[in-house]
Amino acid sequence: MEPQSSVVLTPGTESENGSSSDKEKDHKPIVEHKISKETELKDEKMSTTTVHPSPIIPAFDLVEAAEKLLADAKKLKATLDSNASAADSKPNGANHRAPVPPSPEEMALRSRIAKLGKKIAFETAPPMALIKSDWVVVAETAAWNIFLHWRAFDHIPLNGSISIADLARAIKSDESLVSRIAGMLISTGKLIGSRLDGDVSKPPTHISHSRVSPLLRTNTSPATAAFAIVSFGNGMKGFAKWPEFFATYDRREPHPSNKSIVVYEGGGALKTITVGRSDIQNKVFVPTPFSLGWGHPELKPWEVKARYPEYARHFELAMAAKDKGAQGALGGDLGVDGYRGVNSEDPSRKFSLSWLADLSKKMQQGTDGLKPLVVDVGGGLGHFLAHLLGEIPEVKAQQCILQDRPEVIVQVAKNIEGGDDKLKGVKTIAHDFFNAQPDETKGAAVYILRRVLLDYCDEQAVEILKHLRDAVHGSDGKVVIMEGVLLDEPIPENRLVDMVMMNLGGKLRNEEGYRKLCTMAGLKVTGYWVDVEGASCVVECVEEKEVAEE
């Protein structure tokens, strides 16, 4: 029922087209909806977020920051000068050896200088200039992405330059188009522009590499180039679709949905589909910005990648490189023979899987010789198991099981047939971890979930964990989660990963998030380790006995 309005006559009020006397003659009073106005104000007050006092934030001291920057800059210059002197003192021919990689101390110094420089720029630049700088990044990203796909960086010599005209011919593109794209990258320093006549007042006719662009050469730096391609495909394509995605599926994290949407078919035809369809196992579908960005909102991310083999190849290359080069639980030592993360409850307690050595010996000597020891759930191409077998020789390949989607398992078999014997003897099983573990894998000593849960929303992650809880039921088996972690202090690189995972329907989580998932799945967390520097964590769980007995 609409509220009644109070009518208030306001004589003497003039309008734009007539006097107050004209208004009185026409009997057109000005109506003030008092109750409506009061209701509006009341609703506005109720919907307004509670205002809290502003937290005390130390004022930015420009002079102090500049002095720190100068001091670190002098340290870095001294380090570089020292390295150069050492190189000059080597015998003739020694300088042709591969350059010595920077020390951890030098890398930390460079990182600190870059971070402080960005802070100074942020605190001193005009606000609108900062907003515009973000727009520049979007255009720059589009420019290097298309050059990557055209392999333009491959044609730029590592020493010297190439004319824009020659580059355009090499990549079979219009010279004017290449000039415009190159100009964007020259403006941000990703490439260096020049002219043979040296006239800087005219547009550049030649381009050469900057100190960073060689990393985008697919012929000499395939792994880093693959990372760049994947960062665009997993990130920017989905980011661009956020307004449409959240308008369709509400302003929530990706979640199971039964909403119907309109999609394009071949030839521009339209059809309405229910994205929240259930598959054969009656598992509810979770829409993702990634799939929407690639034009296939009705498919799961891995189904989308299957439609683009070249992109899938770059993705596998990037992940393999991450395994080989990263540190902590996501690569490097992998937490097998020691993990540098710190336990949240007892800093002196270290995480390691070295205990598997003794257990393996006992199992081989007893009646459990054929019982599974390690099950790598969603283990991809088996990088983790290969590392584990290399670091703990007591563990036999026959005691390990690798699970993943059928097409991944087929690729593992091809790798072994091709001479990669690191996984020779490991049992491989095509398995969907949204289903119960098969009988042959139940009762294992440890189930590894490495870089799995971050790909999924909370509802899906809990379902995965529940199946592992059932697999360890009644035993001393453990579930070990090795993941990227959401750091408590917001850091750009870490939050970028979280945003990309949201595109894929997943998320990074902190300790609270992991403990919540485990509790919901009927698991008890027995240890949590986090490596802030490596932005990774390890979560160790066992079956929650009280839940199991209910």
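These figures come from a predicted structure and were not determined experimentally. Residue numbers start at 1 and run along the sequence shown.
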Sub-3.5 Å donor-acceptor pair from the side chain of [X] to the main-chain atoms of [Y], do we have one?
X	Y	value
Thr519	Arg515	yes
Tyr447	Ala444	yes
Arg195	Pro203	yes
Trp294	Gly238	no
Ser210	Ile192	no
Asn503	Phe290	no
Asp421	Lys424	no
His467	Phe434	yes
Gln399	Lys396	yes
Asp250	Arg252	no

Do Phe239 and Phe245 have ring centroids that are under 6.0 Å from one another?
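Distance test on ring centres: not under 6.0 Å, no.
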Salt-bridge present ([X], [Y]; N to O < 4.0 Å):
X	Y	value
Arg495	Asp498	no
Lys466	Glu463	no
Lys241	Glu244	yes

Answer yes if the side chains of [X] and [Y] hold a donor-acceptor pair under 3.5 Å, and no otherwise.
X	Y	answer
Ser536	Tyr339	yes
Gln437	Gln403	yes
Ser176	Ser179	no
Trp302	Asp455	no
Tyr311	Asn234	yes

To the nearest 0.5 Å, what is the distance between [atom1] on [X] and [atom2] on [Y]?
X	Y	atom1	atom2	answer
Ser173	Leu167	OG	CG	8.0 Å
Thr288	Tyr249	OG1	OH	8.5 Å
Leu353	Lys478	CG	NZ	8.5 Å
Ser163	Arg169	OG	CZ	6.0 Å
Ile416	Thr428	CD1	OG1	6.5 Å
Ile401	Ile429	CD1	CD1	4.5 Å

Around atom CE of Met520, are there more than 12 heavy atoms of other residues, nucleotides or ligands at under 6.0 Å?
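Not more than 12 within 6.0 Å, no.
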Compare every heavy atom of [Y] with every heavy atom of [X], then report the nearest pair and how far apart it is.
X	Y	value
Pro254	Cys457	O-CB, 3.4 Å
Gly380	Val408	O-CG1, 3.4 Å
Leu130	Ala125	CD2-CB, 3.8 Å
Leu449	Glu483	O-OE2, 4.2 Å
Val462	Ala521	O-CB, 3.9 Å
Leu523	Cys541	CB-CB, 4.1 Å

Against Asp458, only a single residue in Lys516, Arg509, His255 fulfils side-chain hydrogen bond (donor to acceptor under 3.5 Å, both in side chains); can you say which?
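When side-chain hydrogen bond (donor to acceptor under 3.5 Å, both in side chains) is applied between Asp458 and each of Lys516, Arg509, His255, only Arg509 qualifies.
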Report the C-alpha distance between Glu253 and Lys507 in whole Å, list the side-chain angles of each, state the deciding distance to 0.1 Å, and finish with yes or no for salt bridge (Lys or Arg N to Asp or Glu O under 4.0 Å).
CA-CA 9 Å; Glu253 298 176 338; Lys507 62 194 296 187; 3.2 Å; yes
Stepwise salt bridge (Lys or Arg N to Asp or Glu O under 4.0 Å) test for Asp154 and Arg217:
CA-CA 5 Å; Asp154 297 3; Arg217 288 168 57 98; 5.4 Å; no
Give the ring-plane orientation class for His296 versus Tyr308, where under 30° counts as parallel, over 60° as perpendicular and anything between as tilted.
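Judged by the thresholds at 30° and 60°, the geometry between His296 and Tyr308 is tilted.
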Could you label the plane-to-plane angle of the Tyr456 and Phe433 rings as parallel, tilted or perpendicular, counting under 30° as parallel and over 60° as perpendicular?
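Correct class here is perpendicular.
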Would you sort out whether Leu465 and Ile481 count as a side chain to side chain contact (heavy atoms under 4.5 Å, CB included), showing the intermediate values?
CA-CA 10 Å; Leu465 291 173; Ile481 304 167; 4.1 Å; yes
Under a 4.5 Å cut-off applied to non-hydrogen side-chain atoms, are [X] and [Y] in contact?
X	Y	result
Val452	Val377	no
Leu216	Ser221	no
Glu540	Trp529	yes
Ser291	Pro301	yes
Leu191	Ile156	yes
Asp531	Cys537	no
Leu373	Cys400	no
Ile186	Pro204	yes

Is Lys305 positioned over the aromatic face of Phe315, cation under 6.0 angstrom from the ring centre and no more than 45 degrees off axis?
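Verdict for Phe315: a cation-pi partner in Lys305.
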Pairs under 3.5 angstrom only: tabulate donor-acceptor contacts from the side chains of residues 140-149 to other protein residues two or more places apart or in another chain.
{"from": "Glu140", "atom 1": "OE2", "to": "Thr188", "atom 2": "OG1", "distance (Å)": "2.8"}
{"from": "Glu140", "atom 1": "OE2", "to": "Lys190", "atom 2": "NZ", "distance (Å)": "2.8"}
{"from": "Thr141", "atom 1": "OG1", "to": "Val137", "atom 2": "O", "distance (Å)": "2.7"}

Taking it one step at a time, do Glu303 and Arg307 satisfy salt bridge (Lys or Arg N to Asp or Glu O under 4.0 Å)?
CA-CA 7 Å; Glu303 292 174 330; Arg307 292 198 173 198; over 6 Å; no
Full working for side chain to side chain contact (heavy atoms under 4.5 Å, CB included) between Val530 and Tyr514:
CA-CA 12 Å; Val530 63; Tyr514 283 114; over 6 Å; no
Side chain to side chain contact (heavy atoms under 4.5 Å, CB included) between Val485 and Val532, intermediate numbers included:
CA-CA 8 Å; Val485 68; Val532 174; over 6 Å; no
Given salt bridge (Lys or Arg N to Asp or Glu O under 4.0 Å), test Asp420 with Lys422 step by step and report yes or no.
CA-CA 6 Å; Asp420 186 358; Lys422 299 186 187 69; 3.5 Å; yes
